[in-house]
Amino acid sequence: MSWLRRVTARFPTVVLARRNLSRATARTTLAVVAIVIGVVAIGTIGAGGEAFKQDQMEAYEGFGGTATVSPVYHMNDDGDIVGGISDQDVSRMRQVTSGATVHPVIQRWDTVVRTSSGETSPSAQVKGLASLGTFYEAQSGSIPDSWRQQVVVGSRFADNNDVETGDQLTVTINGSFERTFRVAAVLEPQGFADQLQADRSVFLPFDRLSQLEDSDSEYGSVIVRVDPQTGSISEAAESLETEFNTRRRTISVSEVQEQRERFSQTFELINQFLIGVGSISLLVAAVTIANTMLMTAIEREREIGVMRAVGYPKRAVVSLLLAEATILGLVGAATGVPLALGIGMVLNQFLVGDPLAFTAAGLRYVGLGALFGVLTSLFAGVYPAWKSANKRPVEALE
Amino acid sequence: MTRDTSDSEGAEPTETDREDQPSDAASATTGVILRGEDVTKEYQTGTQTVRALKGIDFGIAPSDFVAIVGPSGSGKSTLLNLLGLLDVPTDGAVSLRGQDVSTFSDADRTRNRKRAIGFVFQSFYLIPTLTALENVEMPRMLDKTPVKTRERAKTLLQRVGLGDRLDHYPDELSGGQKQRVAIARSLINDPALLLADEPTGNLDRDTGDEILALFDELRAEEDVAIVTVTHDAYVAEEADRVVNLVDGVIEDTGETAADGGHGA
Ligand SMILES: Nc1ncnc2c1ncn2[C@@H]1O[C@H](COP(=O)(O)OP(=O)(O)O)[C@@H](O)[C@H]1O
Ligand SMILES: [Mg+2]
């Protein structure tokens, strides 16, 4: 106790400030709540946004050194739509991009997928992609290397239709082909940035789809991959552009790395905008603090007049009221930070699957929220403090 | 009322402010603390000018006890504010130990108030969040001498008879006790002059008498000069001099006021 007294005696302004705050508990609490809301808004939006971004970025993980090629369609002189990627096109791709592996993706729209309980899933996308395992990882089961009797399903498809590894799925294509498959694996969630929308997909064995009679050897897209150690995906992409797009643009090549950066930038922009919106709550908090401090200053006008009369300089009165405002900010920040971290942990669990998956950037936003909370309070206290200190003691004591 | 003179003398060496100002001790026993010559104070309200004081002369010497009486609006508080360096005259001169107050900046006046003047108010104006002891310490709380200040504050509270109420908050004290805390507070910096604006106005007669007795003690033991505005006849009776203010001028009220304008 005596050491505490000795320490606090060194900061009498803080002692006075703290005592003063304790007298209008309700008002003080409300002012603190305003700051807490601001700190939590900035911290949670920032940290949650970063968790969301991290979650979406995972979709790019299996796609390092890859580019996606999609067909560009044109209308010919007769008014027919022409274009698409054929088997020959895929062969040409393989030739011009030596060293790259070329994975055509079959996508069928004329399909019905039925679960063993008989329900159909209209939103399921049926696709075929060889070497699926090089792009995705399974959250349950395992992705077979070569397969004929099995399917691999995306996480959202599995959730929506209550499908687990080992269940049976019946796939009907074009009304003719019908077959029942066993689910070999459910993929990890990939997010919306995923190249193939894997979350909603049912991957059939590639050969099954390519051998269908009506298969007109057209591919929905092609994934080109280059081992970054031995080659460059940019060179491969350039070769493809030269080969296919010189006379007329027939394919569009998009490097996943570029997409990833674009996504990251776009996301950053959105997140900053949201944090900006969140900052408005701190502005409101500033108004609350300023109001609280003004009321305090008016209520204690005589008291402050007495302090001035007994020899407190203006500076001391300013320090006292600024200390009070800052304490409000500090308490608000100290309450807001754990709250923001708590909500952040829930978001992390929800989005990334690990409550502690905070990124440095996310934590920075929490810190930023706390800092802004304290600074906001300090600035909000400036005018009331200045006004109070400059009140002539004679007037205050009348 | 405890008369604990040994205690107060024991506190003297802890006093620091007097050491800053060696001239204080000398002038406190010999010269005039505060002198006013032809002091005029005007207030400007819109287009109107109110002349609250119309050329007043006064002088206050150590251990003087002056009562200022007069009807409401006669300029008593205005005069007290000028004496307390809370305001400056429009015309004429107020000097503190020979120094013209009008040459002081706001900071100078604040510093000199702290050094030389103690205030006691009708409504006490104690800080409700501070204990009796802390209220007494308040004027010196920002000084870096917390231990000395605490000793001094304890001594003062003991001498005003509140040695057993150190940790009480103002709302746990009676009116008379609050005023005694306020008086102890006004003495924490060892002022040469104690200014009181109706110090007994909110107290019953018995409590008022206690305050007066305390004033007497302080004058006798510490040479503190006391100037008090009062409406209470028994307070004025105790005073050495009565200054009767009427409409901004000092009225002659016979024997006591004959030398009222020219104290010391
Ligand atoms: N701040 C002020 N502004 C304008 N007029 C004032 C002010 N203070 C006092 N007065 C006027 O000066 C006169 C003296 O006031 P005051 O010293 O308060 O009288 P008292 O204390 O004797 O009642 C009054 O007429 C009052 O209206
Ligand atoms: Mg008055």
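Computed from a prediction, not measured in an experiment: that's the story for all the values here. So you know, we letter chains A, B, ... as the sequences are listed, proteins then strands, and number each from 1. What's counted below: heavy atoms across the whole structure, side chains too, no hydrogens, waters or symmetry copies.
Across every non-hydrogen atom of B:T131 and A:R19, the tightest pair is N-NH1, 4.4 Å. Among all heavy-atom pairs drawn from A:R23 and B:P128, the shortest one is NH1-CG, 3.3 Å. For the residue pair B:L86 and A:V394, the shortest heavy atom distance occurs at O-CG2, 2.9 Å. In terms of heavy atoms, B:L142 sits closest to A:P12 at CD2-CG, 3.8 Å.
The residue among A:R315, A:R308, A:M307 with the most heavy atom pairs within less than 4.5 Å of chain B is A:R308. Among B:T149, B:L80, B:D106, B:I117, the residue with the largest count of heavy-atom pairs under 4.5 Å with chain A is B:D106. With respect to chain A, the highest number of heavy-atom pairs below 4.5 Å among B:I127, B:N81, B:D197 belongs to B:I127.
A donor-acceptor distance shorter than 3.5 angstrom exists from the side chain of B:R113 to the backbone of A:A309, with no hydrogens or angles considered. The backbone N or O of B:M138 sits less than 3.5 Å from a side-chain atom of A:Y312, completing a donor-acceptor pair.
Here the CG atom belonging to A:L16 is positioned 5.5 Å from the CG atom belonging to B:L130, to the nearest 0.5 angstrom. Atom-to-atom distance recorded for B:F124:CZ and A:R302:CZ is 13.5 Å, nearest 0.5 angstrom.
Other residues, nucleotides and ligands contribute more than 12 heavy atoms inside 6.0 Å of the OH atom of B:Y43. Applying the 6.0 Å contact sphere to NZ of A:K314 captures more than 12 heavy atoms from other residues, nucleotides or ligands. No more than 12 heavy atoms of other residues, nucleotides or ligands shown are found within 6.0 angstrom of CZ on A:F372. Residue B:Q48 qualifies as open at atom CD: its count of foreign heavy atoms under 6.0 Å is 12 or below.
Neither the backbone nor the side chain of B:R109 has a heavy atom closer than 4.5 Å to any heavy atom of chain A. Proximity to chain A (any heavy atom under 4.5 Å) is restricted, for B:F119, to the side chain, taken from C-beta onward.
A salt bridge links B:D87 with A:R392; the closest basic N to acidic carboxylate O contact falls under 4.0 Å.
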